[in-house]
Each structure stands twice: as C-alpha cells, then as structure tokens.
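Shown next, in structure tokens, is the structure this report addresses.
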Amino acid sequence: MLKRSLVKSKITIQPIHIQLLHNEVFMGPCRYGEGNDLTYEGEMYVTRKKIIEFDEDIKKNIDSNAAVVLDTKLMEWNEDFIVKEDHLNKVLENDSQVDLYLLTGGMISYIASIIAERTGKPIAFCPVSGSAFPRLGGIDAAAYLKSKGIQEVYNALNYDDLNSIIRAIKARYALRRTKTLYALRNNVLSIGCVSSFINLSDITKRFGMEIIHYNSLEFFNELDHMSSEEEEKAKELLNELTTQANSISIPTEEMLNDVRFYIIVNKILDRFECNAFTLPCFELCATKQLNNRHFMFCLTHSLLKDEGIASACAADVGSIISLQILMAMAQKAPHMGNCAIFCNELENNKMRILHDVCSKYMKGYDADPLPIDYVSYTKGNWGATMRYDFAKDIGETITMINISPDMSKIMIGRGTICGGEGYLTPECTHAVVFHVTDSRDFYEKESQIGHHFAWVYGDYTKDLIAFAKLMNLEAVLAL
C-alpha cells in the first residue's frame, strides 16, 4: 500500500471518565450508600475499578481499524460543583490530536457540555456494555448542546452504533486529507460525466478535499522521457502482475505500455503529494495518443485502488469522494462504473454496474487477492484491463453510493449479486449484475444523483447513513 494512502488512517479517541467525588461524608439526594462507600477514598476505589472495566470494554469493542484510543483520563470534580481549570486542562492536554472525546462516568452532563464547548470537538457518550438502560446524562447534555447549535454529540445505544459513528468520522477525516490530482485537457467538467459536480469549490467547501489541476498532455511528455530506472520499475511490476495472474490474453509487450503509464502517474502523484487521481478518458482518447502509444487508463485506476489510492474514470471528481468514503469505511478496494437498469427484466429488479476497473483487493486489503485475468480493452489486442468473474460471488451483498452534482445528497443502495457480464470480452464490457428491492425506484432516484456508482462487497448502509447525518447530506436510500 502506498504511503500516501488514507485507507489505514485512523481517528484518535480520548476516553474520559467523569466522576463526582465527595470530600465529606453525608447522605442526601445526590448521595447513595453508607459507611466507607460515602468516603472520598471509597468512591475513588470504585471509580478506579470502573475505569478498568471501561478500558476493557473499549479494547474489546471499538473498531481498531478505524480508531486509535488514548489512555483514559479521569475528570474529577467535587460537591462544590466547581470545575477546576487544572483538572480540565489535564484531561484536555491531548486536544490537538484528538478527533473524538468518548465520555463515561457519573454526573457527566455538565462536564460534558464544558468539554464540547471548550474544544469544539465531537463528543460521544460511551454505551454501558450489558446495561438495560441508555445513559441519561448523555441525553441531558445532547439536548442542551444541540439547542445551542453544537450538533456533534452522539448517544450510541450500543458499540455497534458507536462504531458506525467512528467509521463515519474516519471517512470525513480521510476526505479532509484527500488531495486529488485532477488532470485536464480543456474543459473543467468532462463531457464523459457531467453529473460529476456543479463547481469544484462546492467539493472543497463541503468535504475539505483539495484539488490540484494538471495538464494531462504532460503525461505523454513524461512517457517520452522515462528514465532507465523508471523503465526497470515498469518491467519488474509487469513481471509481478503476470506471474500472479490467473490468465493473460494480451501480449505482455503491449501490457508493458499500460504499466509504464502507471509508473508515470505515480511519479506525478508523488511530485504534487496527491493521494487521489482522475483524468478525462474521452478528451484524451480524441488526441489519438492512446491509439498511437497502445495503452489505456483502466489498469492504472485498478492498480492505484489496490494501493489504497482513490482513482476514478472519466474525470469524475464526485466519484473520488465515493471511492474514498468506501475505502475508509470498508478497508476494501471499490469498483466503480455506469449503473444501469435491465429494462427487459423489470419484474426481476435486475441492474448492473459496468467499467473495466476491478481490483485485486475488492474483498479487503488484508484478504487474499482475487484471481485476476488480464484482458485487452481494444479489439486491437492492446490496453490492459483487470478482470474478475463476479458470477463467482452470486448471493453476496454489495453496497453502492454516489454523490449528487451539487454535493447535497448521497444515494445509498444495496443489492445482491446474481451474475456478471463481459468477464473476458474486450472493450468496456466488464460488469457486476445484481438484484435490488425495486429497480424502478432505484432508477428514479438515480436520475437525481447521476450514473456513476462506486460499490464494495458487504453491507455498509448503517455506516453510510451515519456519514450522511454527520455531513448534513440528504440520504437517498434504495435498500
């Protein structure tokens, strides 16, 4: 995986145990117990045990692929209800690196509201594992803070809910650190996908993603001036790909041209410190340079995604967002393409997503690579593409998303694989075929959003709905 990849990035969580500890022994509406239980030492003893239980609960339940959890801090206050600055400063000493505060304890709502207002960071109230009741202090604090316009206050009923929130925050974290190399030939908006965006400033404003423009014709100049070291890298990678291939139906000397392009794109990504990539297929095809040089872009998109770099067809900057979200959440390389309904099988609710950009690590970056076949894109037997037989996965659930051109909506769909198309056929024919609950409904909603969908294996609808709420996106559901 490339060092620029954000797939393995994690948010940082600071757990805080808030506890009201009494300096004097007395009974009343805020004190339960008797004897030693009412002493400061007795309450501190119980608190220390609770912190140990809290830490064990976190270690067991928090998604370690999405978050790094710091050591738990104890926020103590006393029956005078004065919040001491030295105590508060100590528990907030890591604030510059914290993405989420995770709170537990007793009498927590007042302190929680101070932490949220003081830091401006999201806060979540940790579920009590095995408890029959929700944390009322979290409800109290959330109602207060949200009424003041502080929206990022989360009351998870269980750790499954909490992990969805954590993965949603991780996806936002990744998008804010995404720097996309957007290669252009002429128009900013490619003719290949006008539903990509309305204007690029909307994308940066909404998601924080930086976009770097690059003259796509410069790629050809770079290819003409490849160093001997770069040429050797290309040959080594070609040997690695062909050795590991399930089958190859394209001459390796032709495939080398596609690998060379991947090497050059990586070089430019490094130069501009970018971790996402897209370029306009149609406009560059029209230069006839691809025909003259015998290569396509498909293999580069596939290889970049396998290295944890979001890479989208047809200058679709919107799909970069979709890819990055799914990669951050699922830890898998997504596929993307044209999403279409089968008009002659409406009664079967059948659909497909088509593009020649599958990847080896679609089942997970830590899973075994898929058996990949290399097939030429063109009938001239050049232009290498990765292929995988999606029909092997009939019955598996997939989740797909797309962002609307105005960046205000996210469409979230779910389907069940029922076959594949064009597995070994040249040209842009490679598709996953799947059933949805209602293809007419999907089609109508898709018409509001656009035709390019990114998808991954598995059901990530809950996490994506949490992401939509986090980002104030309208969730358009086709589940």
Side-chain angles (χ1 to χ4, degrees), residues 183 185 190-193 216-224 226 230-231 233-235 237-268 277-307 309 311-316 319 333 335-338 353-360 370-390 420-432 452:
R185 185 193 170 197
S190 171
I191 62 168
C193 183
S216 58
L217 298 180
E218 285 298 312
F219 286 123
F220 304 124
N221 181 54
E222 294 281 353
L223 283 166
D224 288 336
M226 282 186 71
E230 289 165 345
E231 180 69 21
K233 282 183 181 179
K235 290 177 180 178
L237 178 55
L238 175 64
N239 181 64
E240 178 185 326
L241 296 177
T242 54
T243 300
Q244 297 173 355
N246 187 55
S247 73
I248 305 170
S249 58
I250 177 174
T252 55
E253 63 269 21
E254 294 287 6
M255 190 170 168
L256 180 59
N257 295 328
D258 301 271
V259 177
R260 287 182 179 123
F261 182 70
Y262 168 77
I263 297 295
I264 289 301
V265 169
N266 247 319
K267 174 183 175 180
I268 305 303
F277 175 65
T278 190
L279 79 172
C281 309
F282 294 93
E283 289 86 341
L284 287 177
C285 178
T287 67
K288 302 182 184 64
Q289 288 275 6
L290 304 185
N291 182 75
N292 295 339
R293 296 170 181 267
H294 279 203
F295 78 89
M296 297 291 286
F297 309 131
C298 312
L299 184 62
T300 291
H301 292 313
S302 295
L303 291 172
L304 285 173
K305 287 185 296 178
D306 275 335
E307 292 288 355
I309 301 295
S311 190
C313 308
D316 188 357
S319 281
H335 180 253
M336 70 154 286
N338 304 329
I353 295 177
L354 176 148
H355 265 180
D356 293 351
V357 288
C358 80
S359 301
K360 289 183 290 185
L370 297 178
I372 293 296
D373 300 86
Y374 292 95
V375 178
S376 66
Y377 185 99
T378 71
K379 291 184 177 178
N381 213 17
W382 56 265
T385 65
M386 280 190 186
R387 305 294 180 97
Y388 169 71
D389 187 3
F390 293 120
E421 283 185 348
Y423 161 46
L424 296 177
T425 307
E427 300 185 341
C428 199
T429 61
H430 191 205
V432 60
H452 273 175

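- Remark: the backbone N or O of Glu240 is not paired with any side-chain donor or acceptor of Thr243 at under 3.5 angstrom.
- Looking only at side-chain heavy atoms (C-beta outward), Leu424 and Asp373 come within less than 4.5 Å of each other.
- Side-chain contact check for Leu279 versus Phe219: some heavy-atom pair is nearer than 4.5 Å.
- By the 4.5 Å heavy-atom criterion applied to side chains, Phe297 and Val265 are not counted as neighbours.
- His355 contributes no side-chain N or O that, together with a main-chain N or O of His452, makes up a donor-acceptor pair within less than 3.5 Å.
- The environment of Lys267 atom NZ is dense: over 12 non-hydrogen atoms of other residues, nucleotides or ligands sit within 6.0 angstrom.
- With values rounded to the nearest 0.5 angstrom, Ile263 atom CD1 is found 9.0 Å from Thr300 atom OG1.
- Here Arg260 pairs with Glu231 in a salt bridge; the nearest charged N to carboxylate O distance falls below 4.0 Å.
- For the pair Ser311 and Leu304, the tightest heavy-atom approach, listed with the atom from each and the gap, is OG-CD1, 3.5 Å.
- A side-chain donor-acceptor contact under 3.5 Å links Glu283 and Ser190.
- Note that the NE2 atom of His301 and the OG atom of Ser359 stand 11.0 Å from one another [nearest 0.5 Å].
- Among residue pairs with one or both ends in residues 291-300, those qualifying as salt bridge (charged side-chain N to carboxylate O under 4.0 Å, His left out) are Asp224-Arg293; sequence neighbours excluded.
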Given the rule in the side chain to side chain contact (heavy atoms under 4.5 Å, CB included) test, do Trp382 and Asn291 qualify, once you have shown the distances and angles that lead to the verdict? CA-CA 9 Å; Trp382 56 265; Asn291 182 75; 3.8 Å; yes
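- Side chain of Asn257 to backbone of His294: a donor-acceptor contact under 3.5 angstrom is found.
- Test Leu370, Asp356, Ile372 against Arg387 for side chain to side chain contact (heavy atoms under 4.5 Å, CB included) and you get one pass: Asp356.
- In terms of heavy atoms, Val357 sits closest to Met336 at CG2-O, 3.5 Å.
- When all heavy atoms of Lys305 and Ala333 are compared, the closest pair comes out as O-CB, 3.8 Å.
- In terms of modelled atom types and a separation under 3.5 Å, the side chain of Asn239 and the main chain of Lys235 share no donor-acceptor contact.
- With no hydrogens or angles considered, a side-chain donor-acceptor pair links Tyr262 and Asn266 at under 3.5 Å.
- Considering OG1 of Thr252 and CD1 of Ile248, their distance stands at 7.0 Å, rounded to 0.5 Å.
- If you take CD1 on Ile250 and OG1 on Thr385, they are separated by 7.5 Å, rounding to the nearest 0.5 Å.
- Among all heavy-atom pairs drawn from Asn381 and Pro251, the shortest one is ND2-CD, 3.3 Å.
- Of all heavy-atom pairs between Ala312 and Thr278, the closest is O-OG1, 2.7 Å.
- Residues Tyr377 and Cys298 approach most closely at CD1-SG, 3.7 Å, considering heavy atoms.
- Separating the CZ atom in Phe295 from the OG1 atom in Thr378 is a distance of 13.0 Å, to the nearest 0.5 Å.
- Proximity of Leu299 to Val259: side-chain heavy atoms (C-beta onward) are separated by under 4.5 Å at one or more points.
- Note that CZ of Phe220 is 12.0 Å distant from CD1 of Ile264, once rounded to the nearest 0.5 Å.
- Between Thr425 and Tyr423, the closest side-chain pair of non-hydrogen atoms is not below 4.5 Å.
- In this structure, Leu284 and Gln289 have side chains that are not in contact, with every pair of non-hydrogen atoms separated by 4.5 Å or more.
- Taking the centre of each ring, His430 and Tyr388 stay at or above the 6.0 Å mark.
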